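Notes to accompany the following structure.
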Protein chains: 2
Amino acid sequence: MRVARFALPVALLFALDACAQPADRTASGRHAAGTPDAATPPQEIAHGLDHPWALALLPQGGYLVTERVGRLRRIAADGTLSPPLSGLPTVWAQGQGGLLDVELSPDFERSHRIYFSYAEPGPGDTAGTAAASATLGDTAISDVRVIYRQEPKLEGPNHFGSRIAFDGKGHVFISQGERFDRMRAQQLGMLQGKLVRLTLDGSIPSDNPFVGRKGARPEIWSYGHRNVQGLAIDPRNGRLWESEHGPRGGDEINLPQPGKNYGWPIISDGMDYSTDRPYPETIGTHAPGMESPYHVWKKSPGLSGMAFLVGHPESAWNNSLFLGALADGNLIRLTLDSDRIVAEERLLTGLGARIRDVRVGPDASVYVLTDEDNGRLLKLHAPARHQRATP
Amino acid sequence: MRVARFALPVALLFALDACAQPADRTASGRHAAGTPDAATPPQEIAHGLDHPWALALLPQGGYLVTERVGRLRRIAADGTLSPPLSGLPTVWAQGQGGLLDVELSPDFERSHRIYFSYAEPGPGDTAGTAAASATLGDTAISDVRVIYRQEPKLEGPNHFGSRIAFDGKGHVFISQGERFDRMRAQQLGMLQGKLVRLTLDGSIPSDNPFVGRKGARPEIWSYGHRNVQGLAIDPRNGRLWESEHGPRGGDEINLPQPGKNYGWPIISDGMDYSTDRPYPETIGTHAPGMESPYHVWKKSPGLSGMAFLVGHPESAWNNSLFLGALADGNLIRLTLDSDRIVAEERLLTGLGARIRDVRVGPDASVYVLTDEDNGRLLKLHAPARHQRATP
């Protein structure tokens with residue numbers, strides 16, 4: 001039985017406890033009945049994207065999309081790709097590094113500001129995750145302000161994360177990886193392998209958990225993370241969720257609480273992909289002072305972006321959490337009952353392409369980006385309700 | 001004061017103790033007097049080599065040279081480069097990986113066999129250090145036999161080592177790195193970060209220290225090594241020396257004893273080049289059951305190949321150990337009194353090129369390879385004795 005150990009209100013603790021069984025380590029094998037994949041053929045909105053990484057839906061229609069190589073494009077509502085927008089900072093586009101997430105500012109309709117994250121070059125062969133805001137124009141971005149950067153940076157092409165999420169209370173969360181330098185995730189003096197929380201202009205909120213602690217970075221919200229490529233806030237209750245691309249058999253979901261240690265690499269359910277053995281630093285799946293995962297897949301889907309679909313009682317997918325699966329090449333839909341994960345369904349199972357990002361539109365449409373040389377933007381809808389009533 | 005903790009004969013222990021001061025951590029700043037660099041202008045034997053990695057001197061004259069990109073060439077005595085020899089296995093030539101060391105077999109004059117080490121591709125993005133023997137022909141090598149390979153292999157472009165040394169008793173030592181996956185060096189079930197000892201055909205000597213130990217690889221001679229790019233046996237006494245390209249301030253010399261743990265990354269004098277702080281796994285410079293370095297440089301020269309010059313009483317450089325310095329771009333000469341390091345001199349200080357390998361010829365000539373796009377083979381001699389008598 002797997003229960004989270006966060007400091008939660010009593011009512012929520014009860015809810016978590018009650019749900020533990022469906023959310024356990026074998027949940028990945030369970031599929032919801034009655035919603036066959038064939039019922040929802042996806043619509044291709046666009047193609048010709050070079051390893052697209054993240055998608056933002058523009059309120060007037062159309063989209064913004066990042067390509068890992070370092071390009072930001074608009075996609076018109078009819079799927080036409082714009083030329084790359086100018087004005088981006090230098091992006092370190094090697095390995096898993098490049099231009100990563102893009103999000104609209106919470107006040108986008110007034111400010112036209114966007115936020116994006118990327119791998120930034122450092123001295124020598126080093127690089128690190130960074131995030132910036134900018135004003136979106138038709139063909140360019142301008143007034144770029146770097147609000148966050150890993151400093152010092154490290155060598156290596158892997159585990160930059162990264163996703164951005166806003167809490168609606170003036171804070172931005174930025175996820176990142178440990179740069180495949182595993183023990184960095186446990187060093188409070190380093191930013192790698194941490195979830196950070198900043199104000200929208202990049203300053204440090206005074207109520208961050210490590211503010212004032214000697215030797216710790218005040219940006220940190222939570223630590224012990226491996227490579228967090230999914231980050232979203234549940235609009236129903238403001239709770240922050242993250243998905244973690246883990247080692248073999250160690251893909252996780254956590255609900256990060258301030259100051260908590262999520263254990264990587266000291267505790268993990270996963271094995272090294274290269275050796276099929278635990279990493280040398282891993283001592284087990286539980287340890288004092290460390291949080292075991294809220295949900296873990298014994299067979300790693302290869303998690304990337306994620307998004308909630310809530311507040312749409314008309315949709316058969318209401319109260320779902322969607323997660324892109326890179327290795328499995330399909331889309332995960334988790335059915336939620338409050339915070340409980342009560343079922344898992346796989347969509348787009350015939351797609352055969354890595355899914356890098358997933359977003360939910362205001363009409364409950366679900367958008368996915370495929371991580372391909374000829375990457376695509378696809379749109380899909382829930383099956384109609386009456387189909388479920390008469391399976 | 002730094003003394004080695006090996007199990008040595010009493011006389012040697014005395015010798016080590018007596019010498020400890022000159023061999024301490026500040027030795028790198030000491031220079032021997034009376035042998036100015038200008039006295040030994042180097043002779044350029046060849047140029048036009050693409051990042052040459054290792055040199056072997058052929059008994060009939062001429063040389064064999066490896067280029068990191070995966071080529072093996074002959075160099076004629078007059079410096080003419082041959083086309084690349086055919087018959088090599090596939091080499092993983094990325095980052096620090098490629099074709100690495102080359103050595104003549106101890107019975108080369110009869111067998112025409114050579115030994116070489118290289119980065120070998122594995123599944124996915126993995127690679128590992130390997131070593132093979134082959135018969136040297138005029139334009140090709142043939143009958144390639146892989147005698148050693150890291151299995152399983154790991155991701156990443158760094159720390160393959162590697163050097164090869166023969167003990168004259170039927171054994172070959174192969175050095176390697178920990179693939180920049182630091183804690184591998186402490187895992188006896190993994191080969192990364194180990195010095196291994198095999199018979200000349202690659203089988204396991206029955207007196208290797210971990211033969212029969214459950215969970216340990218029987219190839220291992222010693223462990224806890226970072227990136228061993230220098231390996232040589234002192235012809236005077238058969239003792240094995242290794243030089244280790246360490247972190248910032250942690251370049252080391254060790255005299256590896258069977259079964260001993262040389263501590264990386266748990267103990268180290270060095271800092272992470274990227275962050276200028278200790279690595280997260282490092283707890284200090286000493287620990288029970290681990291060997292602190294025999295010699296360490298507080299300012300890292302960037303050690304690569306090394307070679308002894310002994311048995312030449314006519315040479316002013318008799319009883320020296322030469323080490324190539326990559327970062328410093330010069331040649332280190334350590335004066336030895338038995339095993340004691342009693343002085344350090346820098347040669348080729350005006351060269352301004354990374355030195356990847358150094359070898360000593362039968363006439364006490366010293367050869368170096370420069371690690372450049374247009375890499376060179378240089379030859380130098382000790383200053384004449386009478387110059388030293390009247391400084």
Side-chain angles (χ1 to χ4, degrees), chain A residues 92 94-97 120-128 150-159 177-194 215 217 223-224 227 247-248 261 264-266 268 271-283 302 326-327, chain B residues 92 94-97 120-128 150-159 177-194 215 217 223-224 227 247-248 261 264-266 268 271-283 302 326-327:
Chain A
W92 194 87
Q94 297 181 40
Q96 298 170 359
E120 180 186 55
D125 292 331
T126 65
Q150 285 178 352
E151 205 65 72
K153 295 176 164 60
L154 299 174
E155 288 187 29
N158 292 332
H159 297 194
E178 37 52 311
R179 305 286 287 98
F180 209 16
D181 194 344
R182 299 181 294 272
M183 282 294 284
R184 302 297 180 181
Q186 291 294 321
Q187 285 186 299
L188 287 172
M190 298 285 285
L191 291 163
Q192 290 82 5
K194 312 302 184 307
R217 298 291 300 239
Y223 65 110
N227 194 16
R248 188 195 300 276
N261 180 354
W264 176 254
I266 307 298
S268 171
M271 303 283 177
D272 179 359
Y273 274 99
S274 300
T275 68
D276 225 4
R277 305 173 194 183
Y279 282 95
E281 301 86 0
T282 300
I283 62 171
L326 292 162
Chain B
W92 193 88
Q94 296 180 40
Q96 297 171 1
E120 181 187 54
D125 292 331
T126 65
Q150 284 179 352
E151 207 64 74
K153 295 176 165 59
L154 299 175
E155 289 186 27
N158 291 331
H159 298 194
E178 36 53 310
R179 304 287 285 99
F180 210 15
D181 193 346
R182 298 181 295 270
M183 282 296 284
R184 304 296 180 180
Q186 291 294 321
Q187 285 186 300
L188 287 171
M190 299 283 286
L191 290 162
Q192 290 81 5
K194 312 302 184 307
R217 298 290 302 238
Y223 65 111
N227 194 17
R248 187 196 299 277
N261 181 355
W264 176 254
I266 307 297
S268 172
M271 304 284 175
D272 178 359
Y273 274 101
S274 300
T275 69
D276 224 4
R277 304 174 195 186
Y279 281 96
E281 301 85 2
T282 300
I283 61 171
L326 291 164

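Given the structure is predicted, the values throughout are model-derived calculations rather than measurements. All chains are named by letter (A, B, ...) in the order of the sequence lines, taking the proteins before the strands, and each is independently numbered beginning at 1.
- Only the side chain of A/Phe180 comes within less than 4.5 Å of a heavy atom in chain B; its backbone stays farther off.
- Neither the backbone nor the side chain of B/Asp276 has a heavy atom closer than 4.5 Å to any heavy atom of chain A.
- When heavy atoms are compared at a cutoff of 4.5 Å, B/Asp272 approaches chain A solely by way of its side chain, counted from C-beta outward.
- A distance of 15.5 Å separates OH in B/Tyr273 from CG in A/Leu154, rounded to the nearest 0.5 Å.
- Counting heavy-atom pairs under 4.5 Å between each of B/Glu281, B/Gln186, B/Arg277 and chain A puts B/Arg277 at the top.
- Once rounded to the nearest 0.5 Å, the distance linking CD of A/Gln192 with NZ of A/Lys153 reads 9.0 Å.
- Between chain B and the options A/Gly122, A/Pro152, A/Pro280, heavy-atom pairs under 4.5 Å are most frequent for A/Pro280.
- No donor-acceptor distance shorter than 3.5 angstrom exists from the side chain of B/Lys194 to the backbone of B/Glu178, with no hydrogens or angles considered.
- Counting only distance, with no hydrogens or angles, the side chain of A/Arg179 and the backbone of A/Asn158 share a donor-acceptor pair below 3.5 Å.
- Heavy-atom pairs under 4.5 Å with chain B peak, among A/Met183, A/Glu151, A/Met190, at A/Met183.
- Note: A/Arg184 CZ to A/Leu191 CG = 11.5 Å, rounded to the nearest 0.5 Å.
- A donor and an acceptor atom, one from each side chain of B/Glu120 and B/Trp92, are nowhere located under 3.5 Å apart.
- Within the 4.5 angstrom heavy-atom criterion, only side-chain atoms of B/Gln187, from C-beta onward, approach chain A.
- With a threshold of 4.5 angstrom between heavy atoms, B/Thr126 approaches chain A through side-chain atoms but not through N, CA, C or O.
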